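Heads up, the thing below is written out as structure tokens.
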Amino acid sequence: MYEILNKEVLAQGTVVLNEISAPRIAGKAKPGQFVILKANETGERVPLTMADSDPKRGTITIIYQVVGKSTHMFADMPVGASYQDVIGPLGKATHLEKVGRVACVGGGTGVAVLHPITRGMKEAGNEVIAIIGARNKDLLILEDKMRAASHVLKVCTDDGSYGHHGFVTDVLKGYLTGPEKVDLVVGIGPVPMMKFLTKLTKEYGVKTMVSLNPIMVDGTGMCGCCRVTVGGKTQFACVDGPEFDGHTVDFDELTQRLAAYREDEAKSWARYKEECACRTR
Ligand SMILES: Cc1cc2nc3c(=O)[nH]c(=O)nc-3n(C[C@H](O)[C@H](O)[C@H](O)COP(=O)(O)OP(=O)(O)OC[C@H]3O[C@@H](n4cnc5c(N)ncnc54)[C@H](O)[C@@H]3O)c2cc1C
Ligand code: FES
């Protein structure tokens with residue numbers, strides 16, 4: 001069983017961190033890889049990226065945004081409770097090599113996914129500029145960890161409550177037009193953010209890797225649920241990704257596919273809320 005050893009609420013009750021006992025996964029995990037978790041026998045399979053892993057302690061860390069039924073179920077689990085299943089590590093690890101100057105750009109919970117990649121890019125000998133953003137100060141996560149993982153950290157908020165007032169793409173543009181060139185951009189966040197970020201970097205001809213989050217079921221390339229179009233070809237994000245060359249991703253198709261079950265997801269969340277209310281009445 002996969003016991004929760006540590007739990008922290010990172011942002012206004014909407015972003016939760018769990019450190020989970022999973023020695024065999026922790027021994028193999030690499031930056032960029034993910035796991036699929038189930039809370040209990042009847043629970044949904046939920047893909048989440050490993051934000052960290054510690055082979056000595058035998059633990060992995062996940063950081064998730066509480067958005068619907070399953071993530072609310074996860075958030076309700078206390079320290080000492082166990083996940084029924086944790087499968088992984090899944091997906092291809094990030095290709096970490098020395099390329100020169102790398103900009104690691106993260107939005108919202110995407111910063112959790114970006115953190116081990118940023119650290120890995122620095123360890124590989126790159127000069128790393130990290131740019132992170134959130135809608136407001138209270139939703140910003142991992143600022144200290146991202147500062148430690150990079151050489152320069154820039155922080156942005158959409159409402160100007162902290163750091164630069166504006167989007168991460170505004171700050172990135174300053175680097176793309178500046179005197180020193182950026183050799184690689186890694187951008188991870190909400191799909192609209194990755195879409196606009198890749199549009200910007202394409203103008204400046206800077207290679208950009210993104211991490212895609214289509215709906216996944218098995219996570220092993222069998223069901224076809226996670227298919228995305230990259231460079232005009234169908235790819236399965238769970239085995240061919242989740243990282244891809246952002247300039248060749250069909251983001252509009254990804255947006256449409258992510259919204260395919262929105263009505264059912266809303267009903268499922270409403271039912272779960274009602275059941276919780278009944279239990280506490
Ligand atoms: C490889 C990968 C890594 C991810 N890493 C993280 C992470 O580190 N942190 C984080 O907060 N989120 C991550 N996600 C997204 C996370 O899986 C969804 O937020 C979660 O499944 C929502 O489930 P729910 O029941 O709470 O919400 P629901 O109400 O069921 O869904 C809310 C939204 O989440 C997405 N979603 C729903 N089911 C799935 C599914 N089976 N697979 C993928 N997306 C789904 C859809 O866009 C949906 O509209 C990742 C997704 C993928 C594919
Ligand atoms: S999740 Fe089934 S093929 Fe990728």
Side-chain angles (χ1 to χ4, degrees), residues 9-11 13-20 29-40 42-53 60-77 83 85-94 106-117 134 139 141-142 188-192 194 210-228 230 234-244 249 251 253-273:
V9 175
L10 300 186
T14 60
V15 183
V16 177
L17 175 153
N18 276 176
E19 190 186 10
I20 305 165
K30 297 210 170 64
Q33 290 186 300
F34 66 98
V35 286
I36 290 188
L37 306 97
K38 256 175 74 173
N40 56 35
T42 56
E44 225 181 358
R45 297 161 66 90
V46 179
L48 293 175
T49 307
M50 286 178 279
D52 216 340
S53 59
I60 59 166
T61 299
I62 50 165
I63 295 178
Y64 55 91
Q65 191 164 10
V66 184
V67 284
K69 179 188 166 186
S70 297
T71 45
H72 274 90
M73 275 175 85
F74 290 4
D76 288 342
M77 290 164 71
Y83 286 92
D85 296 316
V86 181
I87 304 159
L90 298 170
K92 287 188 179 160
T94 306
T109 342
V111 176
V113 179
L114 190 67
H115 172 247
I117 297 171
L139 295 174
I141 61 167
L142 304 185
I188 305 178
V191 174
M194 293 193 285
V210 293
S211 180
L212 301 185
N213 58 344
I215 289 179
M216 291 188 180
V217 179
D218 68 317
T220 59
M222 304 289 281
C223 69
C225 200
C226 67
R227 67 182 181 276
V228 286
V230 182
T234 297
Q235 301 274 290
F236 290 169
C238 65
V239 286
D240 301 319
E243 282 170 31
F244 294 100
V249 170
F251 284 106
E253 181 195 58
L254 175 62
T255 306
Q256 268 176 14
R257 288 182 57 78
L258 276 170
Y261 302 102
R262 200 140 283 165
E263 226 174 276
D264 297 316
E265 286 157 0
K267 280 188 200 154
S268 167
W269 168 220
R271 260 199 313 273
Y272 179 70
K273 265 196 290 193

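Ligands are counted one by one from 1 in listed order, and the atoms in each one are counted from 1 as well. From a predicted model like this one, the values you see are computed outputs, not experimental measurements.
- Nearest protein neighbour of atom 2 (Fe) of ligand 2, counting heavy atoms only, is D218 OD1, 2.0 Å.
- Metal site remark for atom 2 (Fe) of ligand 2: C225 contributes no N, O or S atom at a distance under 2.8 Å.
- Counting protein heavy atoms under 4.0 angstrom from atom 35 (C) of ligand 1 gives zero.
- The shortest heavy-atom contact between T49 and F34 is CA-CB, 3.7 Å.
- Residue M50 comes nearest to P116 through the heavy atom pair O-CG, 3.8 Å, listed as atom of the first residue, atom of the second, then distance.
- Scanning the protein for heavy atoms near atom 25 (O) of ligand 1, the closest one is S70 N, 3.0 Å.
- Heavy-atom contacts of G221 reach the following atoms of ligand 2: 3 (S) (cutoff under 4.0 Å).
- Of the protein's heavy atoms, V67 CG2, 3.7 Å lies nearest to atom 22 (C) of ligand 1.
- Note that the CG atom of D240 and the NZ atom of K92 stand 5.5 Å from one another [nearest 0.5 Å].
- Annotation: L212 places no N or O atom under 3.5 Å from an N or O atom of ligand 1; distance criterion only.
- The proximity of T71 to ligand 1, defined as any non-hydrogen pair under 4.0 Å, involves the side chain as well as the backbone.
- Here the heavy atom of the protein found nearest to atom 2 (C) of ligand 1 is P47 CB, 4.1 Å.
- Of all the atoms in ligand 2, the ones that sit under 4.0 Å from a non-hydrogen atom of C238 are 1 (S), 3 (S), 4 (Fe).
- Regarding atom 42 (N) of ligand 1, its nearest protein heavy-atom neighbour is M216 N, 3.0 Å.
- Note: S70 OG to N40 CG = 9.0 Å, rounded to the nearest 0.5 Å.
- In this structure, T109 OG1 and I141 CD1 are separated by 6.0 Å, a value rounded to the nearest 0.5 Å.
- More than 12 heavy atoms of other residues, nucleotides or ligands sit less than 6.0 Å from atom NZ of K38.
- Nearest to atom 49 (O) of ligand 1 among the protein's heavy atoms is E265 OE1, 2.8 Å.
- Looking at L10 and L142, their side chains come closer than 4.5 Å, going by heavy atoms from C-beta outward.
- Residue contacts with ligand 1 do not include M73, since none of its heavy atoms lies under 4.0 Å from the ligand.
- Shortest non-hydrogen contact noted between M194 and G189 is CE-O, 3.2 Å.
- Rounded to the nearest 0.5 angstrom, T220 OG1 and I87 CD1 are separated by 8.5 Å.
- Listed by number with element, the atoms of ligand 2 under 4.0 Å from a non-hydrogen atom of V217 are 1 (S).
- Taking CD of E243 as the reference point, atom CD1 of I117 lies at 4.5 Å (rounded to 0.5 Å).
- Interface of M222 with ligand 2, defined as ligand atoms under 4.0 Å from a residue heavy atom, comprises 3 (S).
- In summary, the atoms of ligand 1 found under 4.0 Å from a heavy atom of P214, numbered by their order in the structure, are 42 (N), 43 (C), 53 (C).
- Among all protein heavy atoms, the one lying closest to atom 6 (C) of ligand 1 is L48 CD2, 3.6 Å.
- Contact record, M73 with A39: CE-CB, 4.1 Å, taken as the closest heavy-atom pair.
- Not a single protein heavy atom sits closer than 4.0 Å to atom 18 (C) of ligand 1.
- Minimum interatomic distance between R45 and D218 (heavy atoms only, all atoms of both residues): NH2-O, 3.0 Å.
- For atom 3 (C) of ligand 1, the closest non-hydrogen atom of the protein is T49 OG1, 3.2 Å.
- The protein heavy atom nearest to atom 45 (C) of ligand 1 is I215 CG1, 3.8 Å.
- Listed by atom number, the atoms of ligand 1 under 4.0 Å from Y64 heavy atoms are 9 (N), 10 (C), 11 (O).
- Listed by number with element, the atoms of ligand 1 under 4.0 angstrom from any heavy atom of V46 are 17 (O), 20 (C), 21 (O).
- To the nearest 0.5 Å, the span separating CZ on F74 from CG on L37 amounts to 5.0 Å.
- Within ligand 1, the atoms closer than 4.0 Å to a non-hydrogen atom of V113 are 8 (O), numbered from 1 in the order shown.
- When non-hydrogen atoms are compared, ligand 1 lies under 4.0 Å from the side chain of E44 (C-beta onward) but not from its backbone.
- Of all the heavy atoms of F34, the ones lying under 4.0 Å from any atom of ligand 1 belong exclusively to the side chain.
- The distance from ligand 1 to the heavy atoms of R45 drops below 4.0 Å at these ligand atoms: 41 (N).
- Regarding atom 3 (S) of ligand 2, its nearest protein heavy-atom neighbour is G224 N, 3.2 Å.
- For T94 (side chain) and P31 (main-chain N/O), a donor-acceptor pair under 3.5 Å exists by modelled atom type.
- Listed by atom number, the atoms of ligand 1 under 4.0 Å from Q65 heavy atoms are 10 (C), 11 (O).
- Of the heavy atoms in R227, none comes closer than 4.0 Å to ligand 2.
- If you number the atoms of ligand 1 from 1 as listed, the ones under 4.0 Å from a heavy atom of T109 come out as 11 (O).
- When distances to atom 4 (Fe) of ligand 2 are checked against a cut-off of 2.8 Å, C223 contributes no N, O or S atom below that limit.
- In plain terms, the two heavy atoms of K30 and A93 that are nearest each other are CB-CB, 3.6 Å.
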request  = Show the numbers, then the answer: is there a side-chain contact (heavy atoms from CB on, under 4.5 Å) between Y64 and V46?
outcome  = CA-CA 10 Å; Y64 55 91; V46 179; over 6 Å; no
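- The closest non-hydrogen atom to atom 4 (Fe) of ligand 2, taken over G91, G219, C226, comes from C226.
- Q235 contributes no side-chain N or O that, together with a main-chain N or O of V228, makes up a donor-acceptor pair within less than 3.5 Å.
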